[in-house]
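Residue numbers start at 1 and run along the sequence shown. Numbering of ligands and ligand atoms starts at 1, following listing order.
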Amino acid sequence: MIILIFIVSGLIILILSLAFTGSQTPFVDTPGAPAVGNVGEDVRLGCRFRPSGPGAEPADAVSVTWERAGLSGVVFRYRNRAAQLQDQNPRFRDRAQIFPGLLPSGNASLLLRRVELRDAGLYRCSVSAPSGRGTVSVRLRVAAYSPLSFTLKEQNLTAEAQRWYPKPSVSWSDHEGRPLNASRRFFNNSAGIFRVVTTLLDLVRYDDTYTCLISNDLVTSVSPATVTERGVTARTYFTFNLSPPLMPLHLVFIAPLHLGAYYLLT
Ligand SMILES: *[C@@H]1O[C@H](CO)[C@@H](O)[C@H](O)[C@H]1NC(C)=O
Ligand SMILES: *[C@@H]1O[C@H](CO)[C@@H](O)[C@H](O)[C@H]1NC(C)=O
Ligand SMILES: *[C@@H]1O[C@H](CO)[C@@H](O)[C@H](O)[C@H]1NC(C)=O
Ligand SMILES: *[C@@H]1O[C@H](CO)[C@@H](O)[C@H](O)[C@H]1NC(C)=O
């Protein structure tokens, strides 16, 4: 009898904890690291929601609205199986879309084309479906970054990057990581984007590797360049500097079938 009570109470605790963790998962969230857009290129803002089980819910019952804090109108709206763009902010005309074919799998990500500096900001993805509704905030940061190209004149090594924003810092190191002196010049175009030209002050040795590092608050590029008498071979690797994580704000209404009640999770 006592053993039975233990088993039954253990089962109840298990069921309760499963139900509890289940209702803790927000209906809508944003996967992965915050997005960093590169001026002129496309960027994707992640938004996913919990789809109901297979066959439980027709995809055309899902509506998705993307908005940007501080701007009137919507960035993009999808409802009744079509884009609803009557109140789209003109800034996003022909530049925003979602992927309707991915809605049944819970993917409501936004594709924003030809990113501009002024696109940076806080976006909101709101999803409404028969299985629930919710909103998540997604931060878009915008930078400009481009790979380095190297030129060798006699033994002077120069590196040039066409587009950087915000204004970056530039440093060089030798194959052992020791810092090297270099000149740096920044040319600012009409859009405020910088072209960077930097030349090592010491003459380089052939068959040696020199690394140029360019970085700002958002992006770091590392470009090792190997110098031979025939020329320079180089590659550029980009990494994105993760800012302190944005406090996610979830306002979620869920109607779990097993409880038949509404929950407000924050
Ligand atoms: C959502 O779809 C986009 C476009 O196909 C894809 O790049 C992205 O990885 C998907 N996100 C998730 C969470 O599945
Ligand atoms: C190489 O650099 C030195 C010193 O910075 C300079 O005097 C010389 O003219 C440069 N040579 C070329 C070909 O640019
Ligand atoms: C290079 O930097 C070192 C310190 O790191 C300095 O002592 C030296 O004067 C610099 N040389 C030139 C040519 O600027
Ligand atoms: C870059 O150029 C823009 C427009 O010409 C100007 O408004 C801005 O002040 C410049 N910025 C810097 C850091 O020189």
Apply side chain to side chain donor-acceptor pair (under 3.5 Å) to Arg163 and list each qualifying residue two or more places apart in sequence or on a separate chain.
-> Asn38

Exercise answer, ligand 2 polar atom pairs (N/O) under 3.5 angstrom:
residue, atom, partner, partner atom, Å
ligand 2, 2 (O), Asn156, OD1, 3.0
ligand 2, 2 (O), Asn156, ND2, 2.4
ligand 2, 11 (N), Asn156, ND2, 2.7
ligand 2, 14 (O), Asn156, ND2, 3.2

With a 4.0 Å cut-off on heavy atoms, is Ser109 touching ligand 1?
-> yes

Would a hydrophobic clustering, with Ile, Leu, Val, Met, Phe, Trp and Tyr connected at side-chain separations under 4.5 Å, put Val222 with Trp164?
-> no

Is there a side-chain contact between Pro100 and Tyr78 (heavy atoms, below 4.5 Å)?
-> yes

Side chain to side chain contact (heavy atoms under 4.5 Å, CB included) assessment of Tyr123 paired with Cys47 = CA-CA 10 Å; Tyr123 289 70; Cys47 176; over 6 Å; no

Answer side chain, backbone, both or neither: which part of Leu102 comes under 4.0 Å from ligand 1, heavy atoms only.
-> side chain

Sub-4.0 Å atoms of ligand 1 with respect to non-hydrogen atoms of Phe99 = 4 (C)

State whether the shortest distance between N or O atoms of Arg48 and N or O atoms of ligand 1 falls below 3.5 angstrom.
-> no

What class does the angle between the rings of Tyr165 and Phe194 fall in, given that below 30° is parallel, 30 to 60° is tilted and above 60° is perpendicular?
-> parallel

Could you check Arg44 against Ser109 for side chain to side chain donor-acceptor pair (under 3.5 Å), going step by step and ending with a plain yes or no?
-> CA-CA 7 Å; Arg44 196 181 53 79; Ser109 299; 3.2 Å; yes

Side chains of Asp119 and Phe92: closer than 4.5 Å at any heavy-atom pair?
-> yes

Passing candidate, side chain to side chain donor-acceptor pair (under 3.5 Å) with His175, options Thr226, Asp208, Thr211 = Asp208

